[in-house]
Amino acid sequence: MAGYDALINECPLLLPQNRQKTMFDGFVMVKDKEFRVRILLPVDGDLKHARLQCSWQLNQVLHGYQHIVKQRLHQSTDLVSFMLEFKTVLEIALRNKHDLQTPPPPQYYAQLIKEIGNLGWDKLAYMDTEFRTIKLKAEDSAGREHMITIKLKSKYPAEPPDCATDFPVPFVLSWTHESSLENLHSQFLAALDSLKEFWDVMDEIDEKTWVLEPENPARASTTRRIALSNNVSINLEVDPRHPKMLPECCFLGADHVVAPLKNKLNTNMHLWSPECTVLQNLKDILEIDFPSRATHEKSSFNMECGICYAYRLSSAIPDQVCDDPRCGQPFHQECLYEWLRGLPSSRQSFNVIFGECPYCSKPITVKMTSKRC
């Protein structure tokens with residue numbers, strides 16, 4: 001293998017395990033510490049298809065850096081180049097983990113136990129064995145349960161903790177040296193109260209319509225794709241700060257069906273009333289009734305893709321529809337894009353492809369974007 005001598009010089013304890021030199025096993029030394037690794041290469045030595053296996057100790061050190069290591073492995077030109085970059089990433093990871101490996105003083109644990117006692121043990125949902133990560137639970141005024149994950153630092157409470165919530169907006173923590181978990185929980189409750197109206201809007205949509213996407217919406221999700229009829233849907237983006245205002249609307253479906261809906265939205269937009277619910281406003285403006293769980297089965301809207309014959313493809317559902325009223329076949333955006341790209345009769349302009357429907361041969365266009373609509 002080209003560069004094998006250079007690899008020995010860089011990592012003398014990483015040795016080939018077969019004659020083809022497609023498996024290397026051994027140790028990498030960084031900051032006077034040895035870490036066990038194994039690298040599996042394809043026969044052609046192409047690192048794009050290589051695999052890196054790490055010991056559990058090394059996996060702990062590289063927690064949060066795995067995606068970087070994988071990217072560098074698949075993009076490096078040779079094994080020597082990768083090992084140089086791998087050792088650099090490992091050095092950075094070790095330097096950043098140093099703080100976490102230093103145990104806090106006894107006063108830290110005493111303070112934490114006291115604060116949880118003052119707050120109430122019934123509000124504690126989880127605590128790790130190192131007393132660094134805790135989860136507190138709370139209910140909003142509508143009875144919905146929420147969780148906040150708190151990562152404490154060695155100098156707590158002098159240093160503010162890091163918080164993660166299920167909010168659609170950032171949770172901004174106000175913290176001083178005198179603050180405690182009780183203060184944090186109070187701020188969490190206040191933030192929950194400010195978002196109640198937003199969750200009320202989203203819950204009504206979930207309960208009274210057929211939501212196509214997301215399949216299992218999280219509390220942080222601000223979008224809903226709602227079925228209107230077969231192969232026709234509307235994607236709503238609700239502003240969590242102003243949930244009762246007109247949301248951003250994007251219609252998905254054949255032009256001959258979608259165009260009248262767009263016209264009604266533009267014509268009747270002035271009728272929007274903040275006193276009514278979002279769902280009622282949309283009914284009045286679009287002059288439609290949304291298919292409900294009481295009157296329709298979800299299978300009525302689960303039209304499979306005309307190319308891959310599946311409904312879900314990597315969590316995406318068919319959102320491209322043939323405009324011909326006699327056809328109306330739905331497709332996944334990715335499936336249709338790849339299908340048309342493979343046809344010699346198709347024409348491409350940047351990320352837009354113009355071609356023919358695989359079913360009726362009528363003109364069809366697809367634009368490949370990361371964000372639908």
Colleague: If you round to the nearest 0.5 Å, how far is CG of Leu47 from CD of Gln75?
Modeller: 11.0 Å

Colleague: Under the criterion side chain to side chain contact (heavy atoms under 4.5 Å, CB included), which of Thr223, Leu236, Ile234, Asp239 is the partner of Pro247?
Modeller: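 Checked Thr223, Leu236, Ile234, Asp239 against Pro247; only one passes side chain to side chain contact (heavy atoms under 4.5 Å, CB included): Leu236.
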
Colleague: Can you check side-chain hydrogen bond (donor to acceptor under 3.5 Å, both in side chains) on Asn18 and Thr22, steps first, answer last?
Modeller: CA-CA 7 Å; Asn18 56 16; Thr22 57; 2.8 Å; yes

Colleague: With Phe331, which of Cys308, Pro318, Cys357 fulfils side chain to side chain contact (heavy atoms under 4.5 Å, CB included)?
Modeller: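 That would be Cys357; it is the only one of Cys308, Pro318, Cys357 passing the side chain to side chain contact (heavy atoms under 4.5 Å, CB included) with Phe331.
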
Colleague: Salt-bridge test for Asp203 and Arg219: reply yes if a basic N is under 4.0 Å from a carboxylate O, no otherwise.
Modeller: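 So Asp203 pairs with Arg219 through a salt bridge.
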
Colleague: Where do Gln348 and Tyr337 come nearest, in terms of heavy atoms and distance?
Modeller: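 Where Gln348 meets Tyr337 most closely, the heavy atoms are NE2-OH, 3.2 Å.
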
Colleague: For residues Asn281 and Thr277, is any side-chain donor paired with an opposing acceptor at under 3.5 Å?
Modeller: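 Side chains of Asn281 and Thr277: no pair found under 3.5 Å.
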
Colleague: Is Lys137 salt-bridged to Asp122, cutoff N-O under 4.0 Å?
Modeller: no

Colleague: Once rounded to the nearest 0.5 Å, what's the spacing between atom NZ of Lys262 and atom NZ of Lys264?
Modeller: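 If we round to the nearest 0.5 Å, Lys262:NZ and Lys264:NZ are 15.0 Å apart.
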
Colleague: Side chain of Trp272, backbone of Leu282: donor and acceptor closer than 3.5 Å?
Modeller: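 It does not hold such a pair.
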
Colleague: Less than 4.0 angstrom from a charged side-chain N to a carboxylate O is my criterion; do Glu159 and Lys153 meet it?
Modeller: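 A salt bridge is absent here (no side-chain N lies under 4.0 Å from a carboxylate O).
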
Colleague: Hey, are Lys244 and Glu275 close enough for a salt bridge, meaning a charged N less than 4.0 Å from a carboxylate O?
Modeller: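 Between Glu275 and Lys244 there is no salt bridge, as every charged N stays at least 4.0 Å from the carboxylate O atoms.
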
Colleague: Would you say Tyr359's side chain and Gly306's backbone share a donor-acceptor pair under 3.5 angstrom?
Modeller: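 The answer is yes, because a donor-acceptor pair under 3.5 Å joins these two groups.
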
Colleague: Using the rule that two of Ile, Leu, Val, Met, Phe, Trp, Tyr join whenever any of their side-chain heavy atoms come within less than 4.5 Å, decide whether Ile92 and Val69 are in one cluster.
Modeller: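 Same cluster: Ile92 reaches Val69 through Ile, Leu, Val, Met, Phe, Trp or Tyr contacts under 4.5 Å.
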
Colleague: Please report the closest heavy-atom contact between Gln187 and Phe171, naming both atoms and the distance.
Modeller: O-CE1, 3.8 Å

Colleague: If the threshold is 4.0 Å, N to carboxylate O, is there a salt bridge linking Asp128 and Arg132?
Modeller: no

Colleague: Under 3.5 Å, is there a donor-acceptor pair between the Gln280 and Asp284 side chains?
Modeller: yes

Colleague: Any side-chain heavy atom of Arg326 sitting closer than 4.5 Å to one from Lys362?
Modeller: yes

Colleague: Under 3.5 Å, is there a donor-acceptor pair between the side chain of His270 and the main chain of Thr267?
Modeller: yes

Colleague: Counting only N and O atoms by type, is there a donor-acceptor contact under 3.5 Å from the side chain of Tyr108 to the main-chain atoms of Phe131?
Modeller: yes

Colleague: Do side-chain atoms of His256 reach the backbone of Asp323 as a donor and acceptor pair under 3.5 angstrom?
Modeller: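 Such a contact is found between His256 side chain and Asp323 backbone.
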
Colleague: Any non-hydrogen side-chain atom of Ile353 less than 4.5 Å from a side-chain atom of Arg347?
Modeller: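 Not in contact.
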
Colleague: Output yes when a side-chain donor or acceptor of Glu115 lies under 3.5 Å from a complementary backbone atom of Leu181, and no otherwise.
Modeller: yes

Colleague: Are Phe167 and Phe198 an aromatic pair, judged by ring center distance below 6.0 Å?
Modeller: no

Colleague: Is the shortest side-chain N to carboxylate O distance from Arg38 to Asp25 below 4.0 Å?
Modeller: yes

Colleague: Keeping the roles fixed (side chain from Ser76, backbone from Arg72), state whether a donor-acceptor pair exists under 3.5 Å.
Modeller: yes

Colleague: Are the side chain of Gln333 and the backbone of Lys367 linked by a donor-acceptor contact shorter than 3.5 Å?
Modeller: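 Yes; at least one donor-acceptor contact below 3.5 Å.
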
Colleague: Any side-chain donor paired with an acceptor under 3.5 Å for Asn183 and Ser180?
Modeller: yes

Colleague: Hey, are Arg224 and Ser221 close enough side-chain-wise for a donor-acceptor pair under 3.5 Å?
Modeller: yes

Colleague: Test your reading of the model: is there a side-chain donor-acceptor pair from Lys208 to the backbone of Pro291, 3.5 Å cut-off?
Modeller: no

Colleague: Looking at every heavy atom in both Gly26 and Leu14, which two are closest together, and how far apart are they?
Modeller: N-CD1, 3.7 Å

Colleague: Please tell me whether His332 and Asp319 have a donor and an acceptor in their side chains that are separated by less than 3.5 angstrom.
Modeller: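 The criterion, which ignores hydrogens and geometry beyond distance, is not satisfied for Asp319 and His332.
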
Colleague: For the backbone of Leu84 and the side chain of Thr88, can you confirm whether one donor and one acceptor N or O come within less than 3.5 Å of each other?
Modeller: yes

